[in-house]
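I have placed the structure first, in the form of structure tokens, so that the comments after it can refer back to it.
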Number of protein chains: 2
Amino acid sequence: MGATKTDHFTEQQNAMATLAKALGHPARIAIIDYLLKVNACICGDIVNELPLAQPTVSQHLKELKNAGIIKGEIEGNSICYCLNMDTLQKLAHYCQSIISTQQTQNNSCC
Amino acid sequence: MGATKTDHFTEQQNAMATLAKALGHPARIAIIDYLLKVNACICGDIVNELPLAQPTVSQHLKELKNAGIIKGEIEGNSICYCLNMDTLQKLAHYCQSIISTQQTQNNSCC
DNA sequence: TTTGTATATTGCAATATTACGATAAAGAAT
DNA sequence: ATTCTTTATCGTAATATTGCAATATACAAA
């Protein structure tokens, strides 16, 4: 118990859940917001922007990177982090498909 | 420690994280998929559709309901569950806004 | 009223997540 | 070479999530 039963769901369902899970923390949303705000990619100051200790931020960045939401490359002695739009497009597409699927069905019971 | 530091983030950030978190489990994605598939709302057979025990499904439904992703109303001795499109629109809108924000900035470093 | 059916709640074990201090690693600057 | 700066990793404590058996609740049907 306690472990998610990933085997029993489709690959698509697991993929979407993993993506959503990665966004499921305000610090990680804040990181995305910040990466959008600063037009540049060299983002060594994310730690200063967040109300969290450096190791915690590093961990959140790692999770976002694992989920493919951000990309990071070594740039001198700091790291160049940026959004991976391909992945974010996938999530956007999924949301959009839910909405358009629902719209084609005039489901009026609720 | 272990508790998310919600106080330190904006309401928007927390709201979006809560929403994403609710979608961050394959069973809950599967529930949404199923609610989309069956055009009708009377969904007493969700339990049979999922590879999980009834209490577990009930718990996932509760979480989706708490996040406002589904609505549920008592209907005789079963429950009428359906998607809450308003909430799903919010998430879709957030994703879309990320993409359009990024597009207006031609960020070519990565 | 009793029985059946559907969903919710409780309690608990297993596991995962969150957070951070301490420390490591690795390049930059002096 | 030593020091500084930046990011990552390790270890660990606190908390949350996942899953289910047992049980409760609530209505329907007989």
Side-chain angles (χ1 to χ4, degrees), chain A residues 1-9 13-14 17-31 34-35 40-67 69-82, chain B residues 1-9 13-14 17-31 34-35 38 40-67 70-82:
Chain A
M1 301 116 205
T4 298
K5 286 189 155 182
T6 17
D7 333 353
H8 300 77
F9 300 99
Q13 285 166 345
N14 283 314
T18 301
L19 240 172
K21 196 174 182 178
L23 294 180
H25 192 289
R28 297 196 286 268
I29 296 283
I31 288 170
Y34 184 67
L35 282 173
C41 273
I42 294 97
C43 300
D45 45 355
I46 291 178
V47 173
N48 305 321
E49 284 290 314
L50 295 185
L52 295 169
Q54 179 269 322
T56 310
V57 174
S58 187
Q59 200 174 303
H60 283 304
L61 287 166
K62 193 179 176 187
E63 269 170 78
L64 284 170
K65 202 179 174 187
N66 283 343
I69 291 169
I70 62 176
K71 294 183 276 191
E73 274 170 63
I74 294 164
E75 183 105 352
N77 88 349
S78 70
I79 294 276
C80 165
Y81 274 122
C82 19
Chain B
M1 300 119 207
T4 298
K5 286 186 154 183
T6 16
D7 332 355
H8 300 76
F9 300 98
Q13 286 166 344
N14 283 315
T18 301
L19 241 173
K21 194 174 185 180
L23 293 180
H25 192 290
R28 296 195 287 268
I29 296 285
I31 288 170
Y34 185 67
L35 282 173
V38 297
C41 273
I42 293 98
C43 299
D45 44 356
I46 291 177
V47 174
N48 305 322
E49 285 290 314
L50 295 185
L52 295 169
Q54 180 267 323
T56 310
V57 174
S58 187
Q59 199 174 304
H60 283 304
L61 287 166
K62 192 179 174 185
E63 268 170 78
L64 284 171
K65 200 177 171 186
N66 282 343
I70 61 175
K71 295 182 272 190
E73 276 170 58
I74 294 164
E75 182 103 353
N77 88 348
S78 70
I79 294 278
C80 165
Y81 273 123
C82 20

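Just so it is clear: chains get the letters A, B, ... in the order the sequence lines come, proteins before strands, and each one is counted from 1. Any value given below was found using the heavy atoms of this structure, including those in side chains, with hydrogens, waters and symmetry copies removed.
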Can you tell me how far P of C/dA8 sits from CG of B/L52, to the nearest Å? 15 Å
Between B/S58 and B/Q54 (side chain of the first, backbone of the second, donor and acceptor by atom type, cut-off under 3.5 Å), is there such a pair? no
Are the side chains of B/F9 and A/I29 in touch, meaning some heavy atoms are under 4.5 Å apart? no
Return no unless some side-chain N or O of A/H25 is found under 4.0 Å from OP1 or OP2 of C/dA19. yes
Is there a side-chain contact between B/L50 and B/Y34 (heavy atoms, below 4.5 Å)? no
Tell me: CG of A/N66 to C1' of C/dA16, nearest whole Å? 15 Å
For B/A22 and B/E63 the tightest heavy-atom approach is CB-O, 4.5 Å
Of all heavy-atom pairs linking B/P26 and A/T6, the shortest is CG-CG2, 4.5 Å
Which heavy atom of B/L35 sits nearest to which heavy atom of B/Y81, and what is that distance? CD2-O, 3.4 Å
Distance check needed: C/dT18 C1' versus A/K21 NZ, whole Å only. 13 Å
Distance in angstrom units between B/E63 CD and D/dT17 P, rounded: 7 Å
Heavy-atom check, side chain of B/H60 versus side chain of B/L52, under 4.5 Å: yes
How many Å lie between NE2 on A/H60 and P on D/dT7, as a whole number? 16 Å
Review item, nucleotides 8-11 of chain D N/O atoms under 3.5 Å of protein N/O:
unit_1, atom_1, unit_2, atom_2, d
D/dA8, OP1, A/Y81, OH, 2.7
D/dA8, OP2, A/S58, OG, 2.9
D/dA8, N7, A/Q54, NE2, 2.7
D/dA8, N6, A/Q54, OE1, 2.9

Grab the N/O contacts between the protein and nucleotides 3-5 of chain D below 3.5 Å, and write none if there aren't any.
unit_1, atom_1, unit_2, atom_2, d
D/dT5, O2, A/N77, ND2, 3.3

Taking the side chain as every heavy atom from C-beta outward, state whether B/Q59 and B/P55 have any pair of such atoms under 4.5 Å apart. no
In whole Å, what is the span from the CD atom of B/E49 to the P atom of C/dT7? 13 Å
Tell me: CG of B/L50 to P of D/dT18, nearest whole Å? 14 Å
Where A/A17 and B/H25 come nearest, the two heavy atoms and their spacing: CB-C, 3.5 Å
